[in-house]
Protein chains: 4
Amino acid sequence: MDDDSRDRPSVPTSRSERARTAALEAALALAAELPYPQVTMEAIAARAGVGKATLYRRWPRRGSLLVDAVAHRNAHAAVGDGGIPDTGDLAADLTAVLRSVVDELAVPAWDALLRALCVEALVDAAVGAQVLEQVFAPQIAVFAHRFATARTAGHIDASVGDVEVFELFVAPVFHRWQLRTGALDHAYADAVVRRACHALAPAATTRSGGAGSGRSGRTPRATPGPRG
Amino acid sequence: MDDDSRDRPSVPTSRSERARTAALEAALALAAELPYPQVTMEAIAARAGVGKATLYRRWPRRGSLLVDAVAHRNAHAAVGDGGIPDTGDLAADLTAVLRSVVDELAVPAWDALLRALCVEALVDAAVGAQVLEQVFAPQIAVFAHRFATARTAGHIDASVGDVEVFELFVAPVFHRWQLRTGALDHAYADAVVRRACHALAPAATTRSGGAGSGRSGRTPRATPGPRG
Amino acid sequence: MDDDSRDRPSVPTSRSERARTAALEAALALAAELPYPQVTMEAIAARAGVGKATLYRRWPRRGSLLVDAVAHRNAHAAVGDGGIPDTGDLAADLTAVLRSVVDELAVPAWDALLRALCVEALVDAAVGAQVLEQVFAPQIAVFAHRFATARTAGHIDASVGDVEVFELFVAPVFHRWQLRTGALDHAYADAVVRRACHALAPAATTRSGGAGSGRSGRTPRATPGPRG
Amino acid sequence: MDDDSRDRPSVPTSRSERARTAALEAALALAAELPYPQVTMEAIAARAGVGKATLYRRWPRRGSLLVDAVAHRNAHAAVGDGGIPDTGDLAADLTAVLRSVVDELAVPAWDALLRALCVEALVDAAVGAQVLEQVFAPQIAVFAHRFATARTAGHIDASVGDVEVFELFVAPVFHRWQLRTGALDHAYADAVVRRACHALAPAATTRSGGAGSGRSGRTPRATPGPRG
DNA sequence: CCCTAAACGAGACGGTACGTCAGGTCTTATA
DNA sequence: TATAAGACCTGACGTACCGTCTCGTTTAGGG
């Protein structure tokens, strides 16, 4: 699952490239094993065996380095994770994906890394844009591909954009992960998917009032879907 | 709706209390007007006219101070904002609330403050718990109160917990606010409420066709392992 | 020369007096057992079980408190040390005194206390004056009394003032003690007395050139005096 | 005796050396113009335009910095002050030297500097050793050189060591300077030299009658115990 | 094949903030 | 009323990190 399959120059050739790789991997390692305030440029340089100036020459701030590090990791790890399975059952497919997301967030190293990324994104809007572009946008694209199929199959409301659909599935998990408002497990992933699919069902009689307006608000839809 | 209604000595009496209030308000002011890395304990102390030791005597870290500051602000600002209107139309009520949330998040000072809070919560789990308890829990409680009415009125699925309902409405806004994945305006708030209410509608007749539950209600495969 | 000679209410009666005594003795104890920078007003107050304000009410600065503490100690300890013996042999008498001075300076507690006193005297001229008046002046007076006898007996040059004579005996010891230029023992005390007495011998043939001009300088003296 | 005689790159070349020099000179300037407690590392760093860390990197404590500063000053100021004149008249030569010492001690800046040095030497024995080695030892060496001549010329007792002779001349001045027991002027310097030379005169005819050695050369009683 | 120019590691530099400690003042409650 | 206790503001402490800047030392890449 490396960046190359046959010649494998996994150990970069030029000195510059070696320094760059060492920095990225040192950043990943430190973010995984230390509280984030201790993941300093100085510590990264030391761990990487690299001069501080080399870091600042490539990355204007710590956040950029971290984003690059995560992108580097994803590039090397995401082979085989080319997308979302398409069994024809959107709920099943997304349940699988969200479950694996939940599982990943339970890995301390990845959890810490993502939190660090969020910190940087929150602190500096430029880094936020970078995170969005390099980390989330690819994920959204992956989802979008699956949504396209679902939309043509009539499984989801065609009027809802990709980002909105993505949010419907991911935002609750993200929210619960970040705020720790409750257990973040497979059951929760299942429930999120169930409710999201429910929300996205093509509007047969979708009154804008939804659950709201009518006091005679009867919900005509019958099958509540599976319980997690 | 200020901090005092009639007698209310808004300027605290004891020196300690005066220092405490000054610190909290200095923290709020600085978080509103400076990039967060410049909101240092030293700057807060200087702005408050307070010794650093006084800050550290009361708050073990910057995050705790910030949480207290936000709670302080909420305590003084939330008078009259006692809850969510209950017109009988859940969607309308929550639309109003989410719109006001969106409006608040558009205020730079409040935006910056909340981002600072999130940073601290991400960096230190203890602060995260404090944020949850002092900032979000009250909000959840407010929502829960309205949800209770809606549930007894049969407007939402009684089997979904308060936190889950809260997340359904708030998480997308939170996600979009934090990641800036798109415009955060009234239209978005309306859409979020619409979909959430749709998702929460008591399942009278769940059509199996939609995104609901694929082939059957079976639990999708897990694939729990992280991608590595 | 205590504040009382017979009934000895060494444990003072009034609360103020008790606080005062506790402070002085705490200062002595701490100066004896800690490096001087750690002998803080705070530590003294804590050790004495006394409020800081009580210290500052009585003594404007640490130096004053320390001088008082040393004077307090001397007042309580100097009983029986009424003066310099007068056997008629000035050299012998002063040798005895200087030896005991040297011995005292070898006691770590007293050494530390005196160094602390010197620090305060050097840092603040007002404390220096206080030290001179309360600690050294009494010593000089004691010496002066013996010098008066020696002067009438014709053993020392009548034209040299008390302070000058005092310095001749004490300054070398003080100098060597403070700068640690060499061993500070009985042999040194003996040598100092020998040379000082030599210098103070009434001017039979005291040429102002002293050791200067004569080229026939033979050293005929045999008995070099006791060693160590 | 400067570091350079003709081209004089008095402004050091490397950044480190520039920082070092700036620190030393800032220390000298501050010690000269402020009460010693205000001569803080922070003030020195600020005055020198140097980071605090740079100070602590070079000097473990304030005292070491001060000693270096004085040595630095001496190295740069001692041009032409290569030693003690040797006119053949020891008393005259040393009178000139002691007078100039007295004059220097009357310069407030130098007075303050020396007092600061003494404070540090008293507070920390390690600094005391450094002071002895870097400040006093060179002075003693200068005196020793002149003493050697005097000794071979038979002007002073050959059995007295250099340090002892040095103390005989310097200790009274030092004592009077530090304790302010009296006026420190040329007259005093003259008297000190007169008495010291008298004390050092090779004992041609040691009259036993005087203050010399009492009854006989016997060792006076010890009374070594401290008064307690 | 050297030779120059760039990039590198190492780390000192001027700063700023950290979290602690003590100075000296002021408040509170006790005795 | 004077006290013990201790919080208060101030400011220095000594450390750590920031981002910049020398240093020599590799390391490429063009003569």
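First the proteins, then the strands, lettered A, B, ... as listed; each starts at 1. Since the model is a prediction, treat every value here as computed from it, not as a measurement.
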Handout entry: Which residue lies more 5' along DNA chain F, comparing R62(A) with A43(D) via nearest heavy atoms
Key = A43(D)

Exercise for the section: Can you sort out the partners of E33(A) under side chain to side chain contact (heavy atoms under 4.5 Å, CB included), two or more places apart, ordered by chain and number? Expected result: A29(A), L30(A), R47(A)

Handout entry: Non-hydrogen side-chain atoms of L113(C) and R73(C) separated by less than 4.5 Å
Key = yes

Handout entry: Pairs flagged by ring pair (Phe, Tyr, Trp, His ring centres under 6.0 Å) wherever residues 28-73 of chain D is involved - sequence neighbours left out
Key = H72(D)-H76(D)

Handout entry: DNA chain F contacts made by residues 50-59 of chain D, counting heavy atoms under 4.0 Å
Key = K52(D), Y56(D)

Exercise for the section: Return the set of residues passing side chain to side chain contact (heavy atoms under 4.5 Å, CB included) with A71(C) (not counting sequence neighbours), or none when no residue passes. Expected result: Q134(C)

Handout entry: Side chain proximity check, L65(D) to L24(D), heavy atoms < 4.5 angstrom
Key = yes

Exercise for the section: Looking only at non-hydrogen atoms, find the nearest pair between A48(C) and A22(C) and report the distance. Expected result: CB-O, 3.5 Å

Exercise for the section: Mind checking side-chain hydrogen bond (donor to acceptor under 3.5 Å, both in side chains) for E133(A) and listing every partner two or more places apart, or none if nothing turns up? Expected result: none

Exercise for the section: For DNA chain F, find the residues of residues 122-131 of chain B with a heavy-atom distance under 4.0 Å and give them by number; none if there aren't any. Expected result: none

Completion exercise
So the contacted stretch of DNA chain E, first to last nucleotide with an atom under 4.0 Å from a non-hydrogen atom of chain C, runs from dA22(E) to dC26(E)

Practice task
Is it possible for you to check whether R115(A) lies under 6.0 Å from the centre of the six-membered ring of W110(A), through NZ or CZ, and within 45° of that ring's axis?
Solution key: no

Exercise for the section: List in chain and number order the residues that pass side chain to side chain contact (heavy atoms under 4.5 Å, CB included) with A129(C), two or more places apart in sequence or in another chain; answer none if no residue qualifies. Expected result: none

Completion exercise
In numerical order, the residues of residues 34-42 of chain B whose heavy atoms come under 4.0 Å of DNA chain E are T40(B), M41(B), E42(B)

Exercise for the section: List the atom of A23(B), the atom of I44(B), and the distance in Å for their closest heavy-atom pair. Expected result: O-CG2, 3.8 Å

Completion exercise
Nearest heavy-atom approach of A31(C) to L66(C) is CB-CD1, 4.4 Å

Handout entry: V123(C) side chain near P37(D) side chain, heavy-atom distance below 4.5 Å
Key = yes

Practice task
Using side chain to side chain contact (heavy atoms under 4.5 Å, CB included) as the criterion, list what pairs up with T54(C), not counting sequence neighbours.
Solution key: A19(C), V50(C), R57(C), R58(C)

Exercise for the section: Let me know the distance between CG of L30(D) and C1' of dA12(F), rounded to the nearest Å. Expected result: 14 Å

Problem - Nucleic acid footprint by protein, nucleotides 26-31 of chain F - heavy-atom cut-off 4.0 Å, B for base, S for sugar-phosphate alone - result: BSS---

Handout entry: Close side-chain approach of L122(A) and L122(B), heavy atoms under 4.5 Å
Key = yes

Problem - Qualifying salt bridge (Lys or Arg N to Asp or Glu O under 4.0 Å) pairs, either residue in residues 118-129 of chain B, two or more places apart - result: R61(B)-D124(B), R62(B)-E120(B)

